[in-house]
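Please read all numbers here as calculations on a predicted model, not as lab measurements. Sequence positions, counted from 1, serve as the residue numbers for this chain.
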Amino acid sequence: TDLEALIKIVQKSTVTVLCAGGQGSGWVLELGSPGEGASEEALRLDAEYPFEVVTNHHVIEDCIDSPASVEVQSGEVVYNAYLYSWDLNTDLALIGIAEAIPSLPVSARPSPGWWAMAVGSPYGLEGSVTIGNVVNVLGDEVISTAALNVGNSGGPLINSRGEVVGTNSAILVGDDYPQDWNIAIGFPVICDVLAKCSTSENW
């Protein structure tokens, strides 16, 4: 009922991700501490970088060999960050940060027609917003008309409740696709390939 307030909440939890001269976006997810049986390295990283940022693999791929070189920032604030989990096939990655940023809640499985909003840093313009709708859901991919541009990669696709529907990842281009059809990767993929977490029963 208050779109301006919803946008401000999401903007506070959306960051810019920098890697080797490239730039993308990210969103903050609350994963909690590693579970029983976690390695000493996982526990050490969680103690030093206890908060998680989700982004795309193609945003951080040039920082994989130097995980401490990835940068996370919001406005003039630069956060202590460390790249610790990634998956090429699903185009997702997790970055740990030392300082707290409000996390975003996660949506149940979306349906065609849902209102959708993409937030991110296209062309370095932090907090940029585009609005559209969910066109369809194909497996783990959410297709929407919320326009994406260079730099939106890794940012959240949001529903009308301020919940994350997916992580914006790709633009469908070419003569076979209409203008402004874009792909976000559904949340459960994060739990399947990057982290131990639970997903909504509706996915």
Side-chain angles (χ1 to χ4, degrees), residues 1-31 49-60 63 69-83 91-107 110 114-135 142-172 179-187 190:
T1 58
D2 189 343
L3 180 58
E4 183 178 3
L6 183 148
I7 290 172
K8 288 181 178 178
I9 289 171
V10 177
Q11 286 172 328
K12 289 180 181 178
S13 300
T14 304
V15 296
T16 299
V17 177
L18 303 169
C19 171
Q23 177 257 309
S25 303
W27 59 278
V28 181
L29 171 67
E30 175 58 56
L31 283 177
Y49 305 98
F51 307 98
E52 288 82 25
V53 170
V54 181
T55 189
N56 284 143
H57 178 276
H58 72 261
V59 171
I60 55 78
C63 290
S69 67
V70 69
E71 295 184 21
V72 173
Q73 66 180 43
S74 178
E76 296 182 356
V77 179
V78 178
Y79 298 91
N80 295 318
Y82 191 90
L83 172 64
D91 195 27
L92 289 172
L94 285 174
I95 301 168
I97 56 173
E99 298 82 10
I101 300 176
S103 61
L104 289 171
V106 177
S107 168
W114 276 26
W115 184 91
M117 176 177 72
V119 182
S121 303
Y123 305 113
L125 300 174
E126 282 192 353
S128 295
V129 173
T130 56
I131 292 174
N133 66 280
V134 173
V135 176
V142 181
I143 301 173
S144 85
T145 61
L148 303 180
N149 288 287
V150 176
N152 268 119
S153 293
L157 186 68
I158 302 291
N159 67 15
S160 60
R161 297 177 178 176
E163 301 165 333
V164 178
V165 169
T167 302
N168 292 315
S169 181
I171 301 170
L172 294 173
Q179 185 177 7
D180 291 340
W181 274 32
N182 307 293
I183 294 176
I185 304 165
F187 168 73
I190 295 171

Are side-chain heavy atoms of [X] and [Y] found at a separation under 4.5 Å?
X: Leu104; Y: Pro156; answer: yes
X: Glu99; Y: Asn80; answer: yes
X: Arg161; Y: Ser107; answer: no
X: Thr55; Y: Ile60; answer: yes
X: Tyr82; Y: Ile95; answer: no
X: Val10; Y: Met117; answer: yes

For a side-chain contact (heavy atoms from CB on, under 4.5 Å) check, start with the C-alpha distance between Val119 and Gln11, then their side-chain angles and the critical distance, and finish with the verdict. CA-CA 7 Å; Val119 182; Gln11 286 172 328; 4.2 Å; yes
Could you tell me whether the side chain of Glu52 and the main chain of Gly96 form a donor-acceptor pair under 3.5 Å? no
Polar side chain donor-acceptor pair, [X] to [Y], under 3.5 angstrom:
X: Thr145; Y: Asn133; value: yes
X: Ser144; Y: Asn182; value: no
X: Trp27; Y: Thr167; value: yes

Nearest-0.5 Å distance, [atom1] of residue [X] to [atom2] of residue [Y]:
X: Ser121; Y: Leu18; atom1: OG; atom2: CG; value: 8.5 Å
X: Leu92; Y: Phe187; atom1: CG; atom2: CZ; value: 10.5 Å
X: Leu148; Y: Ser128; atom1: CG; atom2: OG; value: 11.5 Å

Take Glu126 and Thr16 through the test side-chain hydrogen bond (donor to acceptor under 3.5 Å, both in side chains) and record every step on the way to the result. CA-CA 7 Å; Glu126 282 192 353; Thr16 299; 2.9 Å; yes
For Asp91 against Asn56, the heavy-atom pair lying closest together: O-ND2, 2.9 Å
Evaluation steps, side-chain contact (heavy atoms from CB on, under 4.5 Å), between Ile97 and Ile101: CA-CA 9 Å; Ile97 56 173; Ile101 300 176; 3.6 Å; yes
Run the side-chain hydrogen bond (donor to acceptor under 3.5 Å, both in side chains) test on Asn152 and Ser25 for me, step by step, so that the C-alpha distance in whole Å, both residues' side-chain angles and the decisive distance to 0.1 Å come before the verdict. CA-CA 6 Å; Asn152 268 119; Ser25 303; 5.1 Å; no
